[in-house]
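Worksheet: one structure, shown below.
First listed ligand is number 1; within each ligand, the first listed atom is number 1. It should be emphasised that the depicted structure is a prediction, and the values quoted were computed from it without experimental measurement.
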Amino acid sequence: MIRKCLFPVAGYGTRFLPATKSMPKEMLPIVNKPLVQYGVEESIEAGLKQIALVTGRGKRAIADHFDISFELENQIAGTSKESYLTSIRKVLSEGTFMMTRQREMKGLGHAILTGESLVGNEAFGVILSDDLCVNPGEDGVMAQMVKLYNQFRCSIVAIQEVPMENIEKYGVIAGDDMGGGLYRVKDMVEKPKAEDAPSNLAVIGRYILTPDIFDILRDTPPGKNGEIQLTDALMTQAQNGCVLAYKFQGRRFDCGSVPGFIEATNYVYENIYQDGQG
Ligand code: G1P
């Protein structure tokens with residue numbers, strides 16, 4: 001059974017400066033809820049209730065968000081405003097939170113490896129909270145992936161088709177189509193140029209990883225942009241055993257870009273947000 005989900009939340013959020021100068025990008029709100037809380041809710045919904053945050057300098061607001069604000073609770077107890085705390089209270093009552101700091105920014109693979117001490121020797125989820133995924137009324141993306149993991153017991157990456165002009169922003173896979181939106185990964189490349197991309201199937205920020213990924217990451221040399229790439233480690237795992245790629249059900253918004261962030265905001269405001277509810 002998968003119990004833990006790792007959240008790499010140490011990145012800088014340069015594209016949202018100056019908003020992210022002293023505030024973590026993961027705390028930017030989509031309407032009234034910080035991005036990272038959407039990810040944590042998706043994780044808890046999938047049964048992954050132990051949340052492992054790989055944070056960094058300047059990210060204390062995230063740790064504070066997943067703690068009680070005693071003054072706030074005290075101030076609004078018994079008033080109608082309590083309804084605004086509904087979702088965060090639920091998260092706090094169901095989830096447990098662990099944290100470690102990534103001291104140097106050496107890539108997503110390095111962030112995952114930094115989380116090893118929190119995860120230990122068990123399979124775990126990874127959520128990149130920049131990617132907001134929704135599937136209203138149905139299983140979230142992580143819950144869909146957990147079901148597949150319970151069946152196949154190997155690492156799984158979530159994928160979606162993207163236009164070729166955007167492919168160089170992503171890890172890209174090629175594989176054997178197993179039906180039902182599943183592929184057995186044969187090739188995986190981090191941020192290729194369109195002409196070098198093995199397909200238009202882009203990896204988005206949802207993974208389930210088996211714990212042998214840590215040893216592989218330790219032996220993975222820096223790749224694209226001089227960073228330790230999770231994509232390269234997954235390619236090794238695919239060659240040695242099995243990695244699956246899954247075309248998920250639902251919608252995904254790239255909240256690491258301004259247009260994606262605005263699109264997500266409009267979507268959540270129109271379809272999910274309820275006035276007076278936190
Ligand atoms: C990371 C991964 C990339 C993946 C993407 C999904 O890139 O390295 O393989 O496709 O997340 O959002 P980043 O967007 O952090 O540069």
### Query
Do NZ/NE/NH1/NH2 and the carboxylate oxygens of Glu195 and Lys193 come within less than 4.0 Å?
no
#### Entry: Parallel, tilted or perpendicular, as decided by the 30° and 60° cut-offs, for the rings of Phe66 and Phe97
parallel
### Query
Between atom CD1 of Ile173 and atom OH of Tyr183, what is the distance when rounded to the nearest 0.5 Å?
7.0 Å
### Query
Just by distance, with hydrogens left out, do Asp212 and Gln237 show a side-chain donor and acceptor under 3.5 Å apart?
yes
### Message
So Leu85 and Glu73, do their side chains get closer than 4.5 Å, heavy atoms only?
### Response
yes
### Message
Just to be sure I understand the cut-off, which residues have at least one non-hydrogen atom under 4.0 angstrom from an atom of ligand 1?
### Response
Leu108, Leu128, Asp131, Tyr170, Gly171, Glu190, Lys191, Val203, Ile204, Gly205, Tyr207, Gln229, Thr231
### Task
Mind listing the closest non-hydrogen atom pair of Tyr170 and Val203 along with its distance?
CD2-O, 3.5 Å
